[in-house]
Amino acid sequence: MTKGNDTTITDELYQYMLAHNPPLDPVQRELVDTTYARFPDHAGMVSAEEQAPLLAFLVRLVGARHVVEVGTFTGFSALAMARALPADGLLIACDISEEWTAYGRAAWEKAGVADRIDLRIAPALDTLRAMPADPHIDFAYLDADKGGYIAYWEELVPRMRQGGVIATDNVLFHGGVTDPQATGPTAAIKEFNDHVSADARMDSVLLAVADGLTLSRKR
């Protein structure tokens, strides 16, 4: 077996990586800092810093105009993707918290992209099921409650246009996916990963980015 994980990501190496990626702009940095200050017990839900330029890169790469985000929290990832959209692009952000997303709304306004984000406060399944059934989504980012991943996936995949991409976060779940006795959210992620790898509608790769990121392209 060819093993490619001989590089240990030390703090120094991680900082080197960030230094060679597009930096966060002032609004993004302020939003991350505010999230950690206001919600220290939940701040781990923010997408990793290196994921912001990656998500923006992917949105541009697929030429996305219609983006869906399932799980918005304080709006960091939505901000990154909205910045990458063309002026006539739209991101539908799904969340259930007015409190958390209020910080996102403020940041989106400050960044001048609020008109590109349609925040829908409701159970994400309800929001997804209310969308047109035809394939129209260019890019989707899935980062919500882990027990709901398969249900969200099954609503998203038929609505993805050919060549559209779904990025799914936390697919390594802190390394717990290798535990045969996994329970709770970890077990849900394991089931989701198996579900995705067996889905003939999509081409998928699981990458060791942050807490694990799967990229899936509609065939």
Side-chain angles (χ1 to χ4, degrees), residues 9 14 17-25 27-29 31-32 45-95 104 107-108 111-113 115-119 124 128 131 135-144 146 149 152-153 155-173 189 192-193 195-197 199 201-219:
I9 305 298
Y14 183 70
M17 177 191 68
L18 293 181
H20 288 78
N21 275 338
L24 300 187
D25 63 44
V27 179
Q28 291 173 319
R29 175 61 63 194
L31 180 56
V32 171
M45 293 165 58
V46 177
S47 295
E49 183 170 331
E50 65 270 26
Q51 287 176 285
L54 175 59
L55 289 170
F57 180 89
L58 291 169
V59 167
R60 294 189 183 102
L61 185 67
V62 302
R65 292 180 180 276
H66 190 175
V67 175
V68 174
E69 177 179 69
V70 183
T72 296
F73 190 36
T74 57
F76 175 62
S77 50
L79 174 57
M81 291 185 286
R83 277 199 176 282
L85 283 171
D88 62 347
L90 180 67
L91 186 157
I92 296 176
C94 308
D95 208 279
W108 305 335
V113 296
D115 61 333
R116 301 178 196 174
I117 301 174
D118 178 4
L119 176 62
L128 294 175
M131 291 180 184
H136 65 283
I137 301 171
D138 301 308
F139 186 81
Y141 182 45
L142 177 51
D143 184 18
K146 310 315 169 192
Y149 266 27
Y152 301 140
W153 174 268
E155 294 300 328
L156 285 168
V157 170
R159 293 173 170 84
M160 303 301 298
R161 53 97 165 160
Q162 186 177 16
V165 171
I166 302 175
T168 307
D169 200 17
N170 302 118
V171 293
L172 295 179
F173 211 70
I189 287 293
F192 172 78
N193 290 340
H195 185 82
V196 170
S197 64
D199 194 331
R201 299 169 295 180
M202 308 287 284
D203 294 314
S204 297
V205 290
L206 192 160
L207 304 171
V209 174
D211 190 29
L213 186 73
T214 292
L215 299 181
S216 307
R217 179 181 181 276
K218 182 75 171 287
R219 289 179 174 174

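Count residues from 1 along the sequence.
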For the atom pair [atom1] ([X]) and [atom2] ([Y]), what is the distance rounded to the nearest 0.5 Å?
X: Glu69; Y: Leu55; atom1: CD; atom2: CG; answer: 8.5 Å
X: Arg60; Y: Arg83; atom1: CZ; atom2: CZ; answer: 10.0 Å
X: Asp199; Y: Ser216; atom1: CG; atom2: OG; answer: 8.0 Å
X: Met81; Y: Leu58; atom1: CE; atom2: CG; answer: 10.0 Å

How close do [X] and [Y] get, counting heavy atoms only, and between which atoms?
X: Ile117; Y: Ala78; value: CD1-O, 4.1 Å
X: Val171; Y: Ile189; value: O-CG2, 3.5 Å
X: Pro53; Y: Asn21; value: CG-CB, 4.4 Å
X: Val27; Y: Ala107; value: CG1-O, 3.5 Å
X: Ser204; Y: Trp153; value: OG-CH2, 4.4 Å
X: Cys94; Y: Val68; value: SG-CG1, 4.4 Å

Sidechain-backbone polar pair: [X] side chain, [Y] backbone, donor-acceptor under 3.5 Å:
X: Trp108; Y: Gly75; value: yes
X: Arg116; Y: Gly89; value: no
X: Asp118; Y: Ile92; value: no
X: Lys218; Y: Arg201; value: no
X: Asp138; Y: Gly164; value: no
X: Asp25; Y: Gln28; value: yes
X: Asp211; Y: Leu172; value: no

Can you confirm whether [X] sits close enough to [Y] that some side-chain heavy atom of one is under 4.5 Å from a side-chain heavy atom of the other?
X: Thr168; Y: Tyr152; answer: no
X: Val205; Y: Thr214; answer: no
X: Asp169; Y: Leu142; answer: no
X: Lys146; Y: Asn170; answer: yes
X: Leu90; Y: Leu85; answer: no

Is it true that the side chains of Gln51 and Ser77 contain a donor and an acceptor less than 3.5 Å apart?
->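 Distance-only check fails for Gln51 and Ser77.
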Arg65, CZ atom: more than 12 neighbouring heavy atoms under 6.0 Å = no
Evaluation steps, side-chain contact (heavy atoms from CB on, under 4.5 Å), between Tyr141 and Val67 = CA-CA 8 Å; Tyr141 182 45; Val67 175; 5.9 Å; no
What orientation do His66 and His136 show, parallel under 30°, tilted 30 to 60°, or perpendicular over 60°?
-> tilted
Assess whether side-chain contact (heavy atoms from CB on, under 4.5 Å) is satisfied between Arg219 and Met202, documenting all intermediate values.
-> CA-CA 5 Å; Arg219 289 179 174 174; Met202 308 287 284; 5.8 Å; no
Residues Tyr14, Glu50; criterion side-chain contact (heavy atoms from CB on, under 4.5 Å); working and verdict | CA-CA 9 Å; Tyr14 183 70; Glu50 65 270 26; 2.4 Å; yes
Could you please spell out the steps behind the side-chain contact (heavy atoms from CB on, under 4.5 Å) verdict for Asp143 and Val70?
-> CA-CA 6 Å; Asp143 184 18; Val70 183; over 6 Å; no
